[in-house]
Amino acid sequence: MSIQRPKGTQDILPGTVEKWQYLEDTIRTVCREYGYEEIRTPMFEATELFQRGVGETTDIVNKEMYTFLDKGERSITLRPELTAAVCRAYAENKLYAWPQPVKLYYIGPMFRYERPQAGRFRQFHQFGIEVLGADKPVVDAEVISLVWTLYQRLGLTGLEVHINSVGCPTCRAEHKDKLLEFLKPHSHELCRDCQDRLERNPMRILDCKNPSCQAFTAGAPTTLDMLCPECKSHFEELQELLKAAGVVYKVDPRLVRGLDYYRKTAFEVLVEEIGAQSAICGGGRYDGLVAEIGGPPTPGIGFAMGMERALAAIEVQNKMPEFEKAGYAMIVALGQQAQRHGFAWVSALRKAGIPASIDLLGRSLKAQLKAADREGVKYALILGEEELNKGMAILRDLRVGEQEEVALNQVVSVLKDKFGEGVNA
RNA sequence: GUGGAUGUGGCGAAGUGGUUAACGCACCGGAUUGUGGCUCCGGCACCCGUGGGUUCAAGUCCCAUCAUCCACCCCA
């Protein structure tokens with residue numbers, strides 16, 4: 001096997017696509033119920049969009065982007081996430097002129113250059129939503145409640161919804177000062193990673209998993225401690241609304257999301273059972289991002305859900321439904337003459353809305369029936385020389401094991417009858 | 001980028017230096033001429049990720065390389 005798929009990518013084969021389709025269908029249903037509409041943006045964008053939109057200090061921009069020059073010497077990047085792109089589309093297509101807020105969702109592949117592991121891929125899929133043009137806490141609550149509803153619909157249990165507020169630029173700056181003040185004396189005792197973070201993004205030290213760092217930061221001021229009145233009441237109102245909606249959540253003051261654009265609300269949904277990469281969903285508010293990209297000042301909030309991780313969770317919790325193979329009719333033709341007739345009959349059946357197939361390998365009767373049986377075929381229509389001469393066909397019910405002769409000109413109506421309402425369902 | 005584990009037919013899996021590389025599943029064919037699901041019989045790896053090396057002899061030892069998996073960083 002000389003050529004294989006690129007590292008961190010997957011082939012989704014029959015037998016597995018059904019699961020994806022199920023997930024996608026469930027997502028679309030919930031989005032429809034919530035009044036969200038789908039948006040599709042390019043798989044690649046100008047590199048600058050992500051540099052500005054996601055943030056120069058983030059790992060995504062620093063080490064995880066698939067970036068290349070196209071033939072016109074433009075720097076292009078395979079989308080590592082979609083929030084920035086959706087904001088770009090909002091500004092570029094002047095969606096701010098539409099009735100606000102604009103409620104969007106997307107489903108599709110994202111690309112990040114990372115070492116793959118359980119729950120992490122170079123090409124992975126996200127479902128996400130973005131609400132643009134609304135800044136009230138109800139929006140935050142609706143977004144979180146949509147995720148909550150989706151997981152319930154999928155039958156998932158034991159999920160933890162963590163919420164936090166990282167404040168606005170004003171209170172965040174204040175927090176940063178206080179935090180540095182607190183950490184400086186301990187700086188040499190922090191782990192090597194946190195030493196770096198001290199320079200780069202001190203807030204992230206708060207969610208360092210290193211036990212000793214956690215010990216040092218136990219009493220550190222959190223963003224919650226420093227919220228300005230506006231941010232504070234926003235966060236409080238959000239919690240009231242979540243309670244009202246019956247969403248079970250946990251306030252996690254140490255929840256800090258990796259992307260630069262977050263303001264106020266940040267949240268995550270965790271599932272422990274799926275491995276080290278347990279964040280199944282992450283999101284938050286990003287007022288200011290649209291303006292950053294060149295649009296009018298526009299508040300926004302959204303989240304992204306890892307579909308591979310969601311599928312993993314559904315799988316470990318045994319919540320994946322069984323997918324039965326769709327029953328169809330199989331034309332079993334014997335000999336060239338019969339095959340020609342049979343070929344015409346498959347077309348006729350299909351035209352009548354009855355799913356039908358015919359042997360494509362020129363196999364023996366026995367082999368054809370065996371294959372039909374394996375594929376879960378309900379009815380086999382056997383056409384041989386004898387039958388053709390009589391203008392008949394044998395209709396065999398493979399489930400029951402009984403058969404009868406049917407006049408060829410009645411085949412369609414008889415089968416239509418047998419398949420009943422299931423045909424077009 | 002760092003660390004660990006693994007690498008035998010489509011899949012799972014034996015093989016602890018020495019003749020023709022077990023077995024199970026799957027697949028293909030057959031068991032009186034045109035009938036599936038059970039059973040029985042038969043077939044299916046010039047070769048053990050790749051390249052070197054050690055040895056009279058290697059799937060079995062050594063080195064390198066590649067790939068996959070898991071973990072770290074970080075994230076969905």
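- Atom-to-atom, CZ of A:R115 to C1' of B:U2 comes out at 8 Å; the value is rounded to the nearest Å.
- Under the salt bridge (Lys or Arg N to Asp or Glu O under 4.0 Å) test applied with A:K103, the options A:E37, A:E130, A:E142 reduce to a single match, A:E142.
- A salt bridge does not link A:R112 with A:E81: none of the charged nitrogens is closer than 4.0 Å to a carboxylate oxygen.
- Judged purely by distance below 3.5 Å, without hydrogens or angles, the side chains of A:T149 and A:Y34 pair a donor atom with an acceptor atom.
- Within the 4.0 angstrom heavy-atom criterion, base atoms lie near A:F121.
- Within the shown strands, B:G30 is the pairing partner of B:C40 under the Watson-Crick or G-U definition, both distances less than 3.5 Å.
- For the pair A:I314 CD1 and B:A76 P, the interatomic distance rounds to 19 Å; values are reported in whole Å.
- If you check distances only, the side chain of A:E114 does reach the base of B:A76 with a donor-acceptor pair under 3.5 Å.
- Summarising the base pairing, B:A76 is matched to no nucleotide, lacking a Watson-Crick or G-U wobble pair whose two defining distances lie under 3.5 Å.
- The separation between A:M305 atom CE and B:A76 atom C1' is 9 Å, rounded to whole Å.
- Not counting sequence neighbours, the partners of A:H125 by the ring pair (Phe, Tyr, Trp, His ring centres under 6.0 Å) test are A:W20.
- Contacts of A:E18 classified as salt bridge (Lys or Arg N to Asp or Glu O under 4.0 Å), with partners at least two apart in sequence or in another chain: none.
- Note: CG (A:D59) to P (B:A76) measures 11 Å, nearest angstrom.
- Rounded to the nearest Å, the gap between the C1' atom of B:C44 and that of B:G53 is 34 Å.
- Nucleic acid contact class of A:K63 (heavy atoms, under 4.0 Å, all strands): base.
- At B:C72, one or more side-chain N or O atoms of A:Q277 fall inside 4.0 Å of OP1 or OP2 (strictly under the cut-off).
- The interatomic distance linking A:Y106 (OH) with B:A76 (C1') rounds to 9 Å, in whole Å.
- Judged by Watson-Crick or G-U wobble contacts below 3.5 Å, the nucleotide B:U2 has B:A71 as its partner.
- Rounded to an integer number of Å, the gap from CG of A:L159 to C1' of B:A76 is 14 Å.
- The pairing partner recorded for B:C61 is B:G53, the criterion being a Watson-Crick or G-U wobble arrangement whose two distances lie under 3.5 angstrom.
- The interatomic distance linking A:L82 (CG) with B:A76 (P) rounds to 13 Å, in whole Å.
- Counted within 6.0 Å of CZ on A:F343, heavy atoms from surrounding residues, nucleotides or ligands total 12 or fewer; the atom is thus considered open.
- A straight line from CD of A:Q117 to P of B:G3 spans 16 Å, rounded to a whole angstrom.
- In this structure, CD1 in A:I129 is found 4.0 Å from CZ in A:F303, a value given to the nearest 0.5 Å.
- Counting only heavy atoms from C-beta outward, the side chains of A:V161 and A:I144 approach each other to under 4.5 Å.
- Only the P atoms considered, B:C11 is 27 Å distant from B:G17, to the nearest whole Å.
- B:G51 sits 10 Å from B:C66 when the C1' atoms are compared, rounded to a whole Å.
- Pair check for B:A45 finds none; no Watson-Crick or G-U wobble contact set falls under 3.5 Å.
- Across all strands shown, nothing is found opposite B:G9 as a Watson-Crick or G-U wobble partner with both distances under 3.5 Å.
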Quick one: what's the B/S/- string for nucleotides 25-38 of chain B, heavy-atom cutoff under 4.0 Å, read 5' to 3'? --SS--B--BBBB-
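- Heavy atoms of A:A279 sit under 4.0 angstrom from primed sugar atoms or phosphate atoms, though from no base atom.
- Nucleotide B:G17 forms a pair with no other nucleotide shown, judged by Watson-Crick or G-U wobble geometry with both contacts under 3.5 Å.
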